[in-house]
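Here the structure is laid out as structure tokens; the discussion comes afterwards.
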Amino acid sequence: MAETEAKWYVIHTYQGYENKVANDLLSTAENRHLTDRIIDCKVPTETVIETVGDKTKEVEQKIYPSYVFVKAVYDDDIWSVFRNTRGFTGFVGPGSKPVPLTEAEVYRMGVETRSVKVSYSVGDSVRIIDGPLEDLVGVVEEIDTDKNYVRVIVSMFGRETPAELELGQAEPLED
């Protein structure tokens with residue numbers, strides 16, 4: 001039940017302490033039997049290619065330096081856990097009062113991903129079912145399930161125009 005009540009919050013940390021804060025919060029939750037109230041901690045990263053001189057290498061880089069995303073059921077006990085974690089400086093929100101992220105923000109910021117079943121493939125005709133191009137028909141040119149988007153070529157004003165949509169905004173055209 002607590003997991004359904006849990007929301008994602010953003011906390012601010014000292015720079016370089018993001019992983020330590022996330023690990024400390026999770027271990028403290030486990031030690032104090034609060035794993036039903038502090039569900040998860042994430043430090044979103046991305047892999048980038050760095051070039052130094054003539055050498056290139058892949059490097060993990062934090063997307064949001066000095067910030068940790070925490071899924072928790074917020075109350076006074078949880079506030080105490082956060083406040084006593086070394087490296088924690090406060091919640092992101094007005095007056096350091098925690099404000100939960102909306103579901104759209106969670107997905108947009110890459111904290112969680114949702115899986116969408118794609119029932120069409122490249123070359124298929126699809127109908128756009130959501131957004132400003134709703135009810136237009138087009139042909140799928142590219143699908144990227146990792147980034148949750150599909151590129152559809154639609155005919156607008158007598159021209160072939162590419163439109164980038166989320167995977168769930170198109171459905172296969174029924175014969």
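As the structure is a prediction and not an experimental result, all values here were calculated from the model.
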Quick one: do Met156 and Leu133 satisfy side-chain contact (heavy atoms from CB on, under 4.5 Å)? Show the steps, please. CA-CA 10 Å; Met156 290 181 7; Leu133 302 176; 3.7 Å; yes
Is atom [atom1] of [X] surrounded by more than 12 heavy atoms (other residues, nucleotides or ligands) closer than 6.0 Å?
X	atom1	value
Glu46	CD	yes
Lys62	NZ	yes
Tyr149	OH	yes
Arg83	CZ	yes
Glu164	CD	yes
Glu30	CD	no

Given Phe91 and Tyr74, is the ring pair (Phe, Tyr, Trp, His ring centres under 6.0 Å) satisfied, shown in steps? CA-CA 11 Å; Phe91 281 95; Tyr74 183 79; 5.5 Å; yes
Look up atom [atom1] in [X] and atom [atom2] in [Y], then write down how far apart they are to the nearest 0.5 Å.
X	Y	atom1	atom2	result
Ser155	Glu160	OG	CD	5.0 Å
Lys42	Leu26	NZ	CG	11.0 Å
Ile153	Ser125	CD1	OG	12.0 Å
Tyr14	Arg86	OH	CZ	9.0 Å
Ile39	Lys7	CD1	NZ	12.0 Å
Leu136	Ile128	CG	CD1	5.5 Å

For the residue pair Thr28 / Asn31, report whether a side-chain donor-acceptor contact shorter than 3.5 Å exists.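 The answer is no; no qualifying pair exists.
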Assess, by modelled atom type and distance only, whether the side chains of Glu60 and Thr47 contain a donor and an acceptor separated by less than 3.5 Å.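 Yes, side-chain donor-acceptor contact under 3.5 Å.
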Between Val68 and Val10, does the side-chain contact (heavy atoms from CB on, under 4.5 Å) criterion hold? Intermediate values first, please. CA-CA 6 Å; Val68 175; Val10 182; over 6 Å; no
Could you check whether any side-chain N or O of [X] sits under 3.5 Å from a backbone N or O of [Y], counting only pairs where one atom can act as donor and the other as acceptor?
X	Y	result
Asn23	Asn19	yes
Glu5	Val73	no
Ser80	Asp76	no
Thr102	Glu105	yes

ILVMFWY network linking [X] to [Y], side-chain heavy atoms under 4.5 angstrom:
X	Y	value
Ile63	Val59	no
Leu173	Ile129	no
Val21	Trp79	yes

What pair of heavy atoms forms the shortest contact from [X] to [Y], and how long is it?
X	Y	result
Pro172	Val126	CA-CG1, 4.1 Å
Pro65	Glu18	C-OE2, 3.6 Å
Val154	Gly138	CG1-CA, 4.0 Å
Ser121	Ile143	CA-CD1, 3.7 Å
Leu101	Val106	CB-CG2, 3.8 Å
Leu25	Phe82	CD1-CE2, 3.3 Å

Ring pair (Phe, Tyr, Trp, His ring centres under 6.0 Å), that's the test. Do Phe69 and Tyr64 meet it? Break it down for me. CA-CA 10 Å; Phe69 294 84; Tyr64 307 106; 5.5 Å; yes
Do the side chains of Asp75 and Arg37 get close enough for a salt bridge, i.e. N-O under 4.0 angstrom?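 Counted as a salt bridge, because a side-chain N and a carboxylate O are separated by less than 4.0 Å.
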Does a side-chain heavy-atom distance below 4.5 Å link [X] with [Y]?
X	Y	result
Arg151	Asp144	no
Tyr9	Val92	no
Val139	Val152	no
Val81	Arg32	yes
Thr89	Tyr17	no

His12 vs Tyr67, test: ring pair (Phe, Tyr, Trp, His ring centres under 6.0 Å). Steps then yes/no. CA-CA 5 Å; His12 191 266; Tyr67 294 96; 5.0 Å; yes
